[in-house]
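Small disclaimer: the values here were computed from a predicted structure and weren't measured. Here is the naming used below: chain letters follow the sequence lines, and residue numbers restart at 1 for every chain.
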There are 2 protein chains.
Amino acid sequence: MTSPDLDHVADDPPPPARRYTKGDRTKERIVEAAADLFSKSGYLAVSQRDIAAQAEITHAGLLHHFPGGKDELLMQVLERRDADDAVVLFDEHLDAWGHLDQTVRIVERNARTPGLVALYAKLSNEASDVNHPAHTYFRRRYEILREHFATVLGELVDRHGDRSALDPDTVAQQLIALLDGLQTQWLLAPETIDMRARLVDFLALLGVDTTGWRTDSA
Amino acid sequence: MTSPDLDHVADDPPPPARRYTKGDRTKERIVEAAADLFSKSGYLAVSQRDIAAQAEITHAGLLHHFPGGKDELLMQVLERRDADDAVVLFDEHLDAWGHLDQTVRIVERNARTPGLVALYAKLSNEASDVNHPAHTYFRRRYEILREHFATVLGELVDRHGDRSALDPDTVAQQLIALLDGLQTQWLLAPETIDMRARLVDFLALLGVDTTGWRTDSA
DNA sequence: GTCTATACGACGATAGAC
DNA sequence: GTCTATCGTCGTATAGAC
């Protein structure tokens, strides 16, 4: 799937509460430009020079701030988006049903931001190579997601005891797989698939009460 | 998912039953080299010069046979693999249950060929861009797959009438999504997931009798 | 029809001046 | 902190030898 998560993934030491320097503002501009271009054209189609131009800096100037080049920029963009999603996904005030509801909402939002969704989808596959700059990031990401949904689904299975044969952890893997796979099809041919409806169908199949969600508006 | 399909996708006019020329053999060597390198290193990491070198030909010589460069080579590699899978997937002597059984077998085989699986996975996401050389190919591919599984699932739903509320076409979308998504997780962290077992779980959830399949050997 | 030689512009990367 | 200059490699293209 596309966005949920992290802060957790990038658990750097807390930033030393420094003052904003000129370089920080330049960095900001560069990351902004990178996010914009990545979302529009994908990761691989964008060059360092493109990003530098949009940030109104030289190609070499960009590399001064981000020696890792596109890879490093990419991580910045990912972590930035993740911070947003972590807020809604890991809200401790929600019960299991509420968490699934949030998941549906994230799917709905994703359907409105194809650029970033496509970026995540491409990356999560590129990153299967152990040498890819985002490999560790995505491994951690899926680990956290699986844990999250296993907990959520575990609670729901306990409540509707009728399906107690289902193992929360493996069902979580299935749920995540479904979300990812739906996105692949949706990105390829948006008019042929209703991601939200298919997700709700699956939850219904699991025995989750989806009344109020079930609007098959494809 | 990774491989099933086509001949159907590349519906060129039947080849004019020509004799093998020297160039055909060279083409063969080049496609072989491309398939090998793509599987090992992915599509984007491989250069035309790499392929040419492995095929023992000049970079420009390669372009004589494949003016479209890597893109054209890519399609050759894809269609070659597809020809194999079409045989087992679209076998008309099989009933619906047999077709699902073949699907499970393909998943098992995929688990033994990570290179090509990774290539397909990366491509099916890269190809969401309408300008990608394989965009049309993948659209067609998913269309055929959905049709195929809709038919298969439709028959099974008819037999076990108890779940007749399920729409074969949308369930087919879910099944394909599951297969794709499981691969993403498996490529990223093979030791954490059993693709075959998760597929069988899903089929069981649909009410398909999976006795004899259920070997949760993760 | 098969292939080599050669060149072009854009890329990621680095060194060093200001 | 930002620049210019330069490197080797990439995909692409063309001219012409065999």
- A/Gln173 side chain to B/Thr192 backbone, donor-acceptor under 3.5 Å: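 Yes; at least one donor-acceptor contact below 3.5 Å.
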
- Message: Any carboxylate oxygen within less than 4.0 angstrom of a Lys/Arg side-chain nitrogen, looking at B/Glu79 and B/Arg140?
- Response: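 No salt bridge links B/Glu79 with B/Arg140.
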
- Less than 4.0 Å between a side-chain N and a carboxylate O, is that true for A/Arg198 and A/Asp194?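 Between A/Arg198 and A/Asp194 there is no salt bridge, as every charged N stays at least 4.0 Å from the carboxylate O atoms.
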
Ignoring hydrogens and angles, write down the donor-acceptor pairs under 3.5 Å from the side chains of residues 59-77 of chain A, residues two or more places apart or on other chains.
{"from": "A/His59", "atom 1": "NE2", "to": "A/Gln48", "atom 2": "OE1", "distance (Å)": "3.0"}
{"from": "A/Lys70", "atom 1": "NZ", "to": "A/Tyr43", "atom 2": "O", "distance (Å)": "3.1"}
{"from": "A/Lys70", "atom 1": "NZ", "to": "A/Val46", "atom 2": "O", "distance (Å)": "2.9"}
{"from": "A/Asp71", "atom 1": "OD1", "to": "A/Tyr43", "atom 2": "OH", "distance (Å)": "2.4"}
{"from": "A/Glu72", "atom 1": "OE1", "to": "A/Gly68", "atom 2": "N", "distance (Å)": "2.8"}

- Item | Residues, nucleotides or ligands: over 12 heavy atoms within 6.0 Å of B/Glu108 CD | yes

- Taking heavy atoms of chain B and a 4.0 Å limit, find me the 5'-most and 3'-most nucleotide of DNA chain D within that range. D/dC10 to D/dT12

- Which residue lies more 5' along DNA chain C, comparing B/Thr26 with B/Arg49 via nearest heavy atoms: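 It is B/Thr26 whose nearest nucleotide is closer to the 5' end.
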
- Item | Contact residues, residues 51-65 of chain A to DNA chain C [heavy atom, < 4.0 Å] |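 Going residue by residue through residues 51-65 of chain A, the ones with a heavy atom under 4.0 Å of DNA chain C turn out to be A/His59, A/Ala60, A/Leu63.
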
- Query: How many angstroms lie between atom CD1 of B/Ile144 and atom CZ of B/Arg141, to the nearest 0.5 angstrom?
  - Reply: 9.0 Å

- Message: Below the 4.0 Å mark, does C/dC11 have OP1 or OP2 next to a side-chain nitrogen or oxygen of A/Gln48?
- Response: no

- Query: Between C/dA10 and A/Ser47, is there an OP1 or OP2 to side-chain N/O distance shorter than 4.0 Å?
  - Reply: no

- Measure from CG on A/Asp71 to C1' on C/dA13 and round the result to the nearest Å.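 Checked: the CG to C1' distance equals 13 Å.
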
- Query: Do the non-hydrogen side-chain atoms of A/Thr103 and A/Phe149 ever get within less than 4.5 Å of each other?
  - Reply: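 A/Thr103 reaches A/Phe149 side chain to side chain.
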
- Intermediate values then yes/no, side chain to side chain donor-acceptor pair (under 3.5 Å), A/Asp36 and A/Gln54: CA-CA 9 Å; A/Asp36 185 37; A/Gln54 171 130 341; 2.7 Å; yes

